[in-house]
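Atom set for the values below is all heavy atoms of this structure, side chains included, hydrogens, waters and symmetry mates excluded. Position 1 is the first residue of the sequence, and the numbers go up from there. Both ligands and their constituent atoms are indexed starting at 1 by order of listing.
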Amino acid sequence: MAVAINPYLEVSDEVLGAQREGKPVVALESTIISHGMPYPQNVETALRVEEIIRQSGAVPATIAIIKGKLKAGLTKEEIEYLGKKGTDVIKASRRDIPVLLAKGEDGATTVTTTMMIADMANIKVFATGGIGGVHRGAQTTMDISADLEELAQTGVIVVCAGAKSILDLSLTLEYLETHGVTVIGYGTKELPAFYTRKSGFAVDYRLDTPKEIAQAFDVKLKLGLRGGMLVTNPIPEEYSMDPAVINSAIDRAISEAEKSGIKGKETTPFLLAKVKELTGGDSLESNIKLVYNNAELAAKIAYELCKLQQSCNGN
Ligand code: PSU
Ligand code: MN
């Protein structure tokens with residue numbers, strides 16, 4: 001069994017069972033639980049996302065670092081634990097793994113570390129809300145999320161709702177292009193901007209079905225091409241926000257972050273919390289709904305990919 005050769009990886013029985021039976025599995029991150037949303041909505045959302053994935057015929061694998069182990073598949077109690085501990089859990093990126101594991105500590109996994117652990121556990125599809133990217137002002141701060149580097153090197157499909165305009169979307173797309181990451185728009189030619197369906201920037205390809213997305217990724221795997229794929233799924237119309245409202249909140253949040261000297265890994269959680277505060281909670285509601293929407297799409301892609309993969313042909 002693959003797990004035996006990695007003493008730090010713990011894949012849950014449910015996930016292992018699903019893989020053995022050739023059932024689709026969808027990975028989920030935990031920074032969105034600890035740093036992306038307040039308690040108790042974070043725990044409610046995390047559990048509901050798992051339920052949606054199950055209803056869509058796949059098995060959820062929420063990923064986190066717990067007591068020095070890389071876990072794929074958490075219990076309800078572990079999700080509750082991370083949600084309650086909130087920002088006291090270390091936000092763990094690639095650079096944090098060696099020390100956290102050596103010390104036996106906990107870590108909330110970002111898109112980067114969730115992709116890494118999913119890949120170790122042979123999970124190919126991952127659903128989240130938004131990815132990190134090139135921050136506005138990166139020309140001087142050099143603040144570029146490690147998520148982009150991970151997409152360049154790790155073979156996992158990441159389903160998100162595009163990127164928030166707390167980032168420089170144009171530079172984020174340039175970076176992805178340079179690193180050979182295909183950006184797919186699900187049913188759209190335009191990159192969605194998380195809270196809104198439009199950004200004014202084009203994606204690389206519009207694909208209209210989960211099957212087409214799975215087919216493209218399957219080609220990538222069969223060719224042995226390094227790296228992941230980014231699927232951007234627009235927020236459902238009824239939950240999308242007024243661009244003027246959300247953009248002014250984002251602008252204010254960014255200027256407050258600058259004034260307070262917020263830097264490094266604190267930047268994204270700070271901006272997310274500020275935007276939520278400035279929109280009186282409306283942005284949290286949209287955020288939750290788009291995560292559900294992404295989970296459903298990811299489950300469908302995982303199902304189609306499973307059909308295309310050798311390991312699932314036995315069924
Ligand atoms: N963007 C969101 N919500 C999130 C994050 C980003 O809209 O919860 C989280 C994800 O875990 C992502 C991380 O991987 O923030 C990126 O952090 P940074 O910008 O520090 O790389
Ligand atoms: Mn950063």
Give a yes or no on whether the backbone of R136 and the side-chain of D168 come within a donor-acceptor separation of less than 3.5 Å.
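Here the side-chain-to-backbone pair does not exist.
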Is there a donor-acceptor pair under 3.5 Å between the side chain of S260 and the backbone N or O of I262?
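Flag not set: sc S260 to bb I262 has no pair under 3.5 Å.
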So is there a nitrogen or oxygen of [X] less than 3.5 Å from a nitrogen or oxygen in ligand 1?
X: V111; result: yes
X: T110; result: no
X: T112; result: no

Nearest protein heavy atom with distance in Å, relative to [atom]:
atom: atom 20 (O) of ligand 1; result: K91 NZ, 2.7 Å
atom: atom 11 (O) of ligand 1; result: E29 OE1, 2.6 Å
atom: atom 15 (O) of ligand 1; result: T268 CG2, 3.6 Å

Quick test of your reading of the model: are E304 and K300 salt-bridged, counting only N-O distances below 4.0 Å?
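The answer is no: the pair does not qualify as a salt bridge.
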Check this for me: D13, atom CG, are more than 12 non-hydrogen atoms of other residues, nucleotides or ligands nearer than 6.0 Å?
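It does not: D13 CG has 12 such atoms or fewer within range.
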Could you tell me if Y81 and D106 have a donor-acceptor pair between their side chains, going purely by distance under 3.5 Å?
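A pair is found: one side chain offers a donor N or O, the other an acceptor, under 3.5 Å apart.
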Is a donor from one side chain sitting under 3.5 angstrom from an acceptor on the other, for E150 and T154?
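Result is yes, a qualifying pair exists.
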Below 4.0 Å from any atom of ligand 1, is there a heavy atom belonging to M37?
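For ligand 1, residue contact (heavy atoms, under 4.0 Å) with M37 is absent.
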Measure from atom 3 (N) of ligand 1 to every heavy atom in L290, V291, L272 and give the option owning the shortest one.
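Considering heavy atoms of L290, V291, L272, the nearest to atom 3 (N) of ligand 1 sits in L272.
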Which of the listed options, G36, S93, S145, holds the heavy atom that is closest to atom 21 (O) of ligand 1?
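Closest candidate by heavy-atom distance is S145.
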Of all the heavy-atom pairs spanning E190 and G200, show the shortest one and how long it is.
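It is OE2-N, 2.6 Å.
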In D143, what N, O or S atom is nearest to the Mn ion (ligand 2), if we give its atom name?
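That would be atom OD1.
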Considering only heavy atoms, does H35 approach ligand 1 within less than 4.0 Å through its side chain, its backbone, both, or neither?
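Neither; nothing of H35 gets under 4.0 Å from ligand 1.
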Check whether any side-chain heavy atom of S165 sits under 4.5 Å from a side-chain heavy atom of N247, and report yes or no.
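They are in side-chain contact.
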